[in-house]
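What you see is a predicted model, and the numbers here were worked out from it, not measured in a lab. Residue indices begin at 1 and follow the sequence shown.
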Amino acid sequence: MIKGTFPVEPFKDLDTPFYYYDIDLLQKTLQIVRSELCKYGYHCHYAIKANANPRILKIIAENGLGADCVSGGEIKAALDAGFPAGKIVFAGVGKADWEINLGLDNHIACFNVESLPELRILNDLAAAKGKTATIAFRVNPNVDAHTHVKITTGLTENKFGINTGMLPLLFDELSNMKNVRFTGIHFHIGSQITDLSAFQHLCICFNEIQDDLEAKGIVLQHINFGGGLGIDYYHPNHISIPDFENYFAVFHKLVRQRDGQQVHFELGRSIVGQCGALISKALYVKEGEVKKFAILDAGFTELIRPAMYDAYHRMENITSDEDVEVYDVVGPICESSDIFGKDVELNKVRRNDLIALRSAGGYGETMASQYNCRPLPKSYFSDAIV
């Protein structure tokens, strides 16, 4: 079995489970993202929900990206990590007043508005402060992202955004508001999208929306196409960096961009997903009548994606070169859904072997919980491990 390269000896002195981040891979990924953005003059805001580790955020901020936030806590994390307020955008279907006020007080770049009631509240809160909020409308283009139902966000039936048929009503109200300034529209059709045709459909849909708005005298200063580009969970050793080149080329080829118009993106998982791994220790190997279980000290409290989304993560026994055997890999949580994978091929597992769950840099540590009163996992970095 081909395995990733991990500093196994230092790992043996660390309490498991923990997250391990390959900083070199993160920097290489960011370098490619920056290069592709520069080709077309595009802008990118890192989606903090994918991974909010302070060290990871600081590195991304130092690379010049902005921040895409979906809560007041994420706005604070972005500011603390060094993201300029002028590069922070704020989305979310349920923005609380204190979160909106935090954005207003820090003069963030844009509020991505998702409903008429939110637009009204935002105008009122900005007026109370004597400020003007820069806004975009998050529009549902009704594009099928061909991804898991729980991470599809751009259909008319989703809770997010504004259906195109409701836009005239919002623009009517907007015309009477003095404390919001409309600059563009925002999309986000889903996450972990590996079929680029979904983005092609988004571009075509956008062109139609823009033509319709311009016919009504509405000019878009910027377009935000969100994120959603997926990673290869099956081959992290061979495909460690997503195909950013073809991803951005889709938009360059198909979007009818107007002169002076800015194009923005909100990438998250595709930037951080492959640089992170969850390192866990085998507690027991339990042999049943028809199954063999590798029971780890990590569970869905540390990595919930398999339990929540039926997600696949490649697993590697990084301390064994023995023959491959087949296991159901499970955690210690008192729930039957605490299963990382069934019929997983691993080099023979013995007690205290270290198991790496790969491609866990996105929606891993950031979704960890303290269910069963378990402590949150620590994190370690390739450039600081001893």
Side-chain angles (χ1 to χ4, degrees), residues 40 42-45 47 49 68 70 89-95 110-119 134-174 182-230 244 246-258 261-270:
Y40 311 117
Y42 291 163
H43 305 267
C44 184
H45 309 268
K49 61 181 177 288
D68 161 41
V70 293
V89 296
F90 184 19
V93 70
K95 301 179 184 74
C110 188
F111 292 84
N112 293 329
V113 172
E114 306 209 17
S115 69
L116 179 57
E118 180 191 332
L119 177 64
T134 301
I135 68 164
F137 288 152
R138 177 170 175 174
V139 177
N140 288 334
N142 200 29
V143 171
D144 189 347
H146 306 297
T147 187
H148 194 284
V149 64
K150 291 184 179 179
I151 50 177
T152 296
T153 59
L155 299 173
T156 53
E157 65 217 38
N158 296 129
K159 73 175 182 179
F160 300 98
I162 301 159
N163 295 340
T164 54
M166 297 184 65
L167 286 176
L169 176 61
L170 270 80
F171 280 114
D172 283 346
E173 293 240 1
L174 184 67
F182 173 80
T183 61
I185 56 177
H186 169 236
F187 303 98
H188 184 67
I189 60 173
S191 189
Q192 185 49 26
I193 301 170
T194 55
D195 181 356
L196 292 182
S197 68
F199 298 116
Q200 294 171 347
H201 294 314
L202 173 59
C203 294
I204 294 168
C205 183
F206 161 73
N207 290 334
E208 294 173 352
I209 292 172
Q210 174 158 253
D211 290 345
D212 182 63
L213 291 176
E214 286 184 343
K216 296 179 173 73
I218 299 168
V219 176
L220 303 177
Q221 297 176 29
H222 81 256
I223 323 127
N224 186 334
F225 287 105
L229 179 64
F244 293 109
N246 283 323
Y247 170 73
F248 289 117
V250 165
F251 294 92
H252 176 67
K253 179 180 179 180
L254 295 178
V255 171
R256 294 200 291 267
Q257 185 178 353
R258 308 303 196 242
Q261 200 172 52
Q262 290 188 359
V263 175
H264 296 248
F265 297 88
E266 297 168 346
L267 298 175
R269 181 200 319 260
S270 57

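When all heavy atoms of Glu266 and Val89 are compared, the pair lying nearest together is OE2-CG2, 3.5 Å. In terms of heavy-atom proximity, Leu119 sits nearest to Leu170 at CD2-O, 4.1 Å. Counting all heavy atoms, side chain and backbone alike, Ala91 lies closest to Asp68 at CB-OD1, 4.5 Å.
Once rounded to the nearest 0.5 Å, the distance linking CZ of Arg138 with CD1 of Ile185 reads 12.5 Å. For the atom pair CD1 (Ile135) and CG (Asn112), the distance works out to 9.5 Å, reported to the nearest 0.5 Å. Separation of atoms CD1 (Ile223) and CZ (Arg256) is listed at 11.5 Å; rounding is to 0.5 Å. With values rounded to the nearest 0.5 angstrom, Asn140 atom CG is found 10.5 Å from Met166 atom CE. Note: Leu167 CG to Leu213 CG = 6.5 Å, rounded to the nearest 0.5 Å. Of the inter-residue distances, the one linking Ser270 atom OG with Phe244 atom CZ reads 4.0 Å to the nearest 0.5 angstrom.
Of the N and O atoms on the side chains of Glu114 and His186, not one donor lies less than 3.5 Å from an acceptor on the other residue.
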Quiz item: So Gln257 and Leu220, side chain to side chain contact (heavy atoms under 4.5 Å, CB included) or not? Walk me through it.
Solution: CA-CA 10 Å; Gln257 185 178 353; Leu220 303 177; over 6 Å; no
Quiz item: Under the side chain to side chain donor-acceptor pair (under 3.5 Å) criterion, do His222 and His264 qualify, and how do the steps go?
Solution: CA-CA 7 Å; His222 81 256; His264 296 248; 5.1 Å; no
Practice problem: List the steps, then state whether side chain to side chain contact (heavy atoms under 4.5 Å, CB included) holds for Val263 with His43. | Solution: CA-CA 6 Å; Val263 175; His43 305 267; over 6 Å; no
Quiz item: Would Phe199 and Ile193 satisfy side chain to side chain contact (heavy atoms under 4.5 Å, CB included), going step by step from the backbone distance to the final call?
Solution: CA-CA 9 Å; Phe199 298 116; Ile193 301 170; 3.8 Å; yes
Practice problem: Could you walk me through whether Val93 and Ser115 pass side chain to side chain contact (heavy atoms under 4.5 Å, CB included), step by step? | Solution: CA-CA 8 Å; Val93 70; Ser115 69; over 6 Å; no
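At least one test fails for Lys216 against the ring of Phe171: distance under 6.0 Å to the centre or angle within 45° of the axis.
You'll find the side chain of Glu118 reaches within 4.5 Å of the side chain of Lys95, heavy atoms only. Here the side chains of Leu202 and Val250 are not in contact, with every heavy-atom distance at 4.5 Å or above. Here the side chains of Pro141 and Thr164 are not in contact, with every heavy-atom distance at 4.5 Å or above. The shortest distance between side-chain heavy atoms of Phe265 and Leu229 does not fall below 4.5 Å.
Not less than 6.0 angstrom separates the ring centroid of Phe251 from the ring centroid of Tyr42. Between Phe182 and Phe137, the gap from one ring centroid to the other is short of 6.0 Å.
Salt bridge present: Asp211 and Arg258 bring a charged side-chain N and a carboxylate O closer than 4.0 Å.
Formation of a donor-acceptor pair under 3.5 Å by the Asn163 side chain with backbone atoms of Gly165 is not found in this model. Of the possible polar contacts, one joining the Asn207 side chain to the Leu254 backbone as a donor-acceptor pair under 3.5 Å is found.
By the 30° and 60° cut-offs, the orientation of the rings of Phe206 relative to Phe187 is perpendicular.
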